[in-house]
Each structure stands twice: as C-alpha cells, then as structure tokens.
Amino acid sequence: RRAGLARPLHREGDEGPSAGLVQHLGALAAAVTANADAPYNTFAEMIEFARQNPNKVKWATYGAAGSPMLYMEWLRNVRKIDLFNVPYKTAPDAMKEITESSIDFMIMDGTFAAGQISQGALKPLAVTTAQRSAALPEVPTMMEQGVKDYDVSLWFAYVAPAGTPDSIVGKLNAAMVQALQSNTVKERYAAFGTEAVHATPEAYTAFVKNEIAKWTKVVKQANIRGE
C-alpha cells in the first residue's frame, strides 16, 4: 500500500507549535552570476547597464515558477527595471547558455555557483542573503549594493503533521537544536556553504507566515502560473 500522510504538514492560518512547524534548520544563499564576458562586474553595475539598455539584458530561469524566477521578479518590482526573461526547462540547459555567453545572467545555488566561478566560467555579481555566504565570502550581498531589505535564501526545515501535540513539537525542536550544535553537523553545513538557523517553533511559524505573504504578493504581481 502506498504510504502517505493522513493530515497536512501545514495549513495556512495555523500558528504556534501545533502548526507542526518544528525547526528552521538552515539557509543557503543564492548567487547572481553573469557570463564571463559581461560588461559589468557587480550587481549595481548590472542594474545601471540594464537601465541604460531596457529589455536588452537577458536573464535565465529554469522550471515553472521556480525560486530563481521569484527572486528576480521581486527584484524587478523593487528596482523597476526591464529585463528580458529566457526560460529553460532545466538548470543544465540554462547553465550551458550562460557559459556560452548567450545569456547575460542568472540566479543559482550559491555552492554550485562557487565551483563555476572558481573555474572562470561565471562572474559573481552578488549573493541574495542579508549576510555574505560562507561559500562565496568575497562576493557582496544585494543589500550591500543598495537593494534595501533584499534577503532571500533557499531554506529547509523539519516539520511534523499539523496538530502534533505541543509537547512532541517541543521535544523534536530541542533535539534539532542539539544536533545543529554538533561538530559533525557544523562541518557538513560548512562544506555546503549553509548557515545554521536556531529558532523556536513559534519563531519558525512566524517566518513561514512572512514567507507565504511575501511570495504570494510576488506571484500575483508578476502573474506567475505553474505548469
């Protein structure tokens, strides 16, 4: 018999530990990268170039309504810039085009980007988190380059079914916090350029509510639809 959850992991409107949101485990910065031949070296320079050349700068996305598209749509709305989106089915397809200079820039996983940057295949412009990434410590953040409040990441968490007793959620949270403090986990996080996040179930629930509100607004403004 196919296994499945009898109850949803999270219902919109759920609050507190009983929502099943146990622990925000970590966050991974995304990186804004340009092809090696791009006429700009920072994100701020790219924005200025885009303003002088409206709808000429081509940015790649992959997958329907994926995080790279959402990140850029939020940015386009905040900075009021015209960019030309070129969608691809997969990340390798987009990567091939940007390394061949057919595409101007794209947003991707910061750890993966670090490898491409070290090989000279891509040029780093910015990272998307509020703090610099351990994977790309020399690359400035969006906020350092004038994009106020731009703090987005690829985050992951530990959850339980909605309605899980508060006592169980509390025990799970304590176990996760203890695990995050172990040297083994810290070493693995560092290897992937991931920042550990320590939060109570209530704090994590508030974070999720904010994320839902933020990205719902972006999706509606950009009229993004999944396939």
Side-chain angles (χ1 to χ4, degrees), residues 5 8-17 19-33 61-75 77-78 91 106-114 124 126-137 139-144 147-162 164 169 172-182 184-219 222 224 226:
L5 288 170
L9 289 175
H10 177 67
R11 294 185 295 261
E12 187 173 356
D14 283 346
E15 298 181 8
L21 304 178
V22 178
Q23 173 67 33
H24 186 177
L25 294 175
L28 179 64
V32 183
T33 59
T61 56
Y62 48 89
S67 53
M69 175 174 283
L70 295 178
Y71 293 173
M72 278 309 303
E73 289 295 352
W74 185 22
L75 180 67
N77 182 61
V78 169
M106 66 183 288
I107 296 180
M108 65 182 71
D109 175 298
T111 305
F112 178 72
V127 293
T128 61
T129 42
Q131 304 298 324
R132 293 195 181 195
S133 169
L136 294 164
V139 181
T141 67
M142 295 276 220
M143 293 174 66
E144 286 181 84
V147 186
K148 184 180 178 181
D149 298 329
Y150 196 93
D151 179 16
V152 298
S153 61
L154 305 170
W155 57 269
F156 52 98
Y158 189 90
V159 300
T164 298
V169 170
L172 290 171
N173 176 265
M176 293 298 103
V177 169
Q178 183 176 4
L180 289 172
Q181 294 173 341
S182 74
T184 300
V185 172
K186 288 179 179 179
E187 289 171 3
R188 293 295 292 171
Y189 268 45
F192 288 101
T194 303
E195 301 293 335
V197 178
H198 303 275
T200 64
E202 292 83 2
Y204 174 47
T205 299
F207 170 80
V208 170
K209 288 181 66 178
N210 180 68
E211 288 286 279
I212 290 172
K214 177 170 66 180
W215 296 117
T216 296
K217 182 178 180 180
V218 171
V219 167
I224 297 173

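Reckoned from all heavy atoms, side chains included, excluding hydrogens, waters and symmetry mates.
- Remark: E144 engages R132 in a salt bridge (Lys or Arg N to Asp or Glu O under 4.0 Å) (not counting sequence neighbours).
- Contact record, P124 with V139: CB-CG2, 3.7 Å, taken as the closest heavy-atom pair.
- Distance CG/L28 to OG1/T111: 4.5 Å, rounded to 0.5 Å.
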Where do L75 and Y150 land on the side-chain contact (heavy atoms from CB on, under 4.5 Å) test, with the steps shown first? CA-CA 8 Å; L75 180 67; Y150 196 93; 4.0 Å; yes
Test V152 against W74 for side-chain contact (heavy atoms from CB on, under 4.5 Å), laying out the working first. CA-CA 10 Å; V152 298; W74 185 22; 3.0 Å; yes
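- Annotation: salt bridge (Lys or Arg N to Asp or Glu O under 4.0 Å) contacts of K214 (sequence neighbours excluded): E211.
- Residues A113 and A31 come closest through the heavy atom pair CB-CB, 3.9 Å.
- Using bins of under 30°, 30° to 60° and over 60° for the plane-to-plane angle, the ring pair Y204/H24 lands in the tilted bin.
- Side chain of E187 to backbone of S182: no donor-acceptor contact under 3.5 angstrom is found.
- In terms of heavy atoms, A27 sits closest to V197 at N-CG2, 4.2 Å.
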Could you walk me through whether F156 and T194 pass the side-chain contact (heavy atoms from CB on, under 4.5 Å) test, one step at a time? CA-CA 10 Å; F156 52 98; T194 303; 3.6 Å; yes
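- When all heavy atoms of V169 and P201 are compared, the closest pair comes out as CG1-CG, 3.8 Å.
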Verify side-chain contact (heavy atoms from CB on, under 4.5 Å) between L172 and Q23, making sure each step is shown before the conclusion. CA-CA 8 Å; L172 290 171; Q23 173 67 33; over 6 Å; no
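- T184 OG1 to Y189 OH: the interatomic distance, rounded to the nearest 0.5 Å, is 12.5 Å.
- Proximity of a side-chain donor or acceptor of Y71 to a complementary backbone N or O of M108 within less than 3.5 Å is not detected.
- Between the OG1 atom in T33 and the CD1 atom in I107 there is a gap of 8.5 Å [rounded to 0.5 Å].
- Side chain of T216 to main chain of A213: no donor-acceptor pair is present (N/O by atom type, distance under 3.5 Å, no hydrogens or angles).
- Closest approach of A130 and T141 over heavy atoms only: O-CG2, 3.6 Å.
- Of all the heavy atoms in L180 and L25, the pair that sits closest is CD2-O, 3.8 Å.
- Under a 3.5 Å cut-off, the side chain of T61 and the backbone N or O of P68 do not form any donor-acceptor pair.
- With N173 contributing its side chain and V22 its backbone, the two residues share a donor-acceptor pair below 3.5 Å.
- Annotation: salt bridge (charged side-chain N to carboxylate O under 4.0 Å, His left out) contacts involving residues 65-74, sequence neighbours excluded, comprise E73-R76.
- Other residues, nucleotides and ligands place no more than 12 heavy atoms under 6.0 Å from the CD atom of Q131.
- The main-chain N or O of A29 is never found under 3.5 Å from a side-chain atom of T129 such that the two would form a donor-acceptor pair.
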